[in-house]
Amino acid sequence: MRCFIGIPVPADPGQALRDRPWPEGARAVPAADLHLTLAFLGERSHGWARSLWPALAAIAAATPAFDLTLPAVDVFPRAGGRILAARAERAPRLLALHGSIWRVLQDAGVEAETRRFLPHVTLARLPAPAESNPVPGPWTLPVRELMFYQSPPEQDGYRALARWPIGKD
């Protein structure tokens with residue numbers, strides 16, 4: 001199964017992010033699928049994924065809840081991109097959560113990402129490369145839950161296989 005670990009976007013901030021005009025031909029990400037990816041894992045067995053869940057639950061419980069600022073919506077990752085996304089600030093708590101998850105993944109044999117972590121919420125896919133045209137926010141993403149998602153190739157949308165509450169404030 002194709003899978004990843006992320007932070008879900010709750011309905012209210014998700015709607016606020018989606019309440020904007022889309023470029024012609026843009027395919028909006030369904031509200032229920034909005035998330036910030038912390039680790040893309042690719043194809044993995046269900047058993048392998050489940051073996052990570054106790055460690056991920058412990059990370060979630062040990063992480064204080066926090067709010068993340070999304071300062072603007074723009075083409076991602078830069079001008080000429082084909083994704084419209086809300087960038088997230090590289091806040092210390094987000095980076096700590098990301099680092100904790102990747103330590104568990106590396107212990108499980110997952111090779112570390114070579115690209116720099118660019119936290120964002122994908123809002124739409126564009127039909128062609130686009131120029132930068134930032135829409136200033138800010139928006140607030142409350143980080144209260146960690147999720148393990150499946151991305152089934154035969155259907156649209158993601159499926160939450162496991163979810164854990166982020167620790168208390």
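No experiment lies behind these values; they were computed from the predicted model shown. Counting from 1, the numbers follow the sequence of the chain as shown.
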Exercise. Given side chain to side chain contact (heavy atoms under 4.5 Å, CB included), test Val75 with Asn133 step by step and report yes or no.
Key: CA-CA 7 Å; Val75 176; Asn133 186 17; over 6 Å; no

Between [X] (side chain only) and [Y] (backbone N and O only), is there a donor and an acceptor less than 3.5 Å apart?
| X | Y | value |
| --- | --- | --- |
| Arg18 | Val29 | yes |
| Arg144 | Phe66 | yes |
| Arg163 | Ala160 | no |
| Asp33 | Tyr158 | yes |
| Arg82 | Pro127 | yes |
| Ser45 | Trp48 | yes |
| Trp102 | Leu38 | yes |

Over all heavy atoms of both residues, which pair between [X] and [Y] is shortest? Give the atoms and the distance, please.
| X | Y | answer |
| --- | --- | --- |
| Met1 | His46 | CE-CA, 3.6 Å |
| Gly81 | Leu126 | O-CD1, 4.2 Å |
| Leu161 | Trp53 | O-CH2, 3.8 Å |
| Leu34 | Thr122 | CD2-O, 3.3 Å |

Worked check of side chain to side chain contact (heavy atoms under 4.5 Å, CB included) between Tyr149 and His35: CA-CA 10 Å; Tyr149 293 91; His35 68 279; 3.6 Å; yes

With hydrophobic residues grouped by side-chain heavy-atom distances under 4.5 Å, do [X] and [Y] end up in a single group?
| X | Y | value |
| --- | --- | --- |
| Leu84 | Phe76 | no |
| Leu118 | Leu141 | no |
| Ile83 | Leu17 | no |

Tell me if the centroids of the rings in Phe148 and Phe4 come within less than 6.0 Å of each other.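 That pair fails the under 6.0 Å test.
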
Using the rule given for side chain to side chain donor-acceptor pair (under 3.5 Å), can you reason through Thr140 versus Asp67, listing the C-alpha separation, both sets of side-chain angles and the distance that settles it, and then say yes or no?
CA-CA 6 Å; Thr140 300; Asp67 290 337; 6.0 Å; no

- Item | Ion pair check, Glu43 and Arg2, cut-off under 4.0 Å |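 Result for this pair is no, no salt bridge flagged.
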
Checklist entry - If you count the non-hydrogen atoms of other residues, nucleotides and ligands that lie under 6.0 Å from CZ in Arg90, is the total more than 12? => result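 Enclosed.
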
Q) With distance as the sole criterion, is a donor-acceptor pair present between the side chains of His98 and Ser100 under 3.5 Å? A)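 Looking only at side-chain atoms, Ser100 and His98 do not form any donor-acceptor pair under 3.5 Å.
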
